[in-house]
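Counting starts at 1 for both ligands and their atoms, in listed order.
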Amino acid sequence: MTRPRKPRRVEFPPLATFLKPRGVPLSSLDIVVMTMAECEALRLVDYEGMHHDEAACKMEVSRPTLTRILDSAHRKVADAIVNGKALRIVWGDAQILEDRYVCQTCYYTDKKLFDRCPDCGSQSVQAISSLIEA
Ligand SMILES: [Zn+2]
């Protein structure tokens, strides 16, 4: 029997989990599916500028595993851009470190749940983790 895989640790899930080319109906688009772990690897290395070993430590995976996750993420982003595909980010086997709450109107986020958005006054607030498909 194989050992169950440890969930990938994700600190900040993305605010948008579906990106599509403008002006193309969804029904005629191919969709690239990216896991939350791949998205987190992109965030840590390409956006935050972390070294692979530092990002691996954050996600609690080995450095070769981080590099493999990141390579896969790069291929998917490239596929979406080069071929004009939509990109969907799914939960996969990732585990969120600390949930945040997001205003559905203006994307204001906070670690604490709020009733009314301090930026735009909207009462449409959701936990980020609840917005992401399994
Ligand atoms: Zn708001």
| request: For the residue pair Pro14 and Met36, establish whether any side-chain heavy-atom pair is separated by less than 4.5 Å. | output: yes
| query | Under 4.5 Å between any side-chain heavy atoms of Arg116 and Val125, yes or no? | reply | no
| In terms of hydrophobic clusters joined by side-chain contacts under 4.5 Å, are Ile128 and Tyr107 together? | yes
Name the atoms and distances for all side-chain donor-acceptor pairs under 3.5 Å in residues 18-30, with sequence neighbours left out.
residue : atom : partner : partner atom : Å
Lys20   : NZ   : Val24   : O            : 2.8
Ser28   : OG   : Pro25   : O            : 3.0

| task | Could you list the residues that satisfy ring-ring contact (aromatic ring centres under 6.0 Å, His included) with Phe114, not counting sequence neighbours? | result | Tyr108
| Near the Zn ion (ligand 1), which protein N/O/S atoms fall under 2.8 Å? | Cys103 SG, Cys106 SG, Cys117 SG, Cys120 SG
| field | Residues forming a salt bridge (Lys or Arg N to Asp or Glu O under 4.0 Å) with Asp79, sequence neighbours excluded | value | Lys85
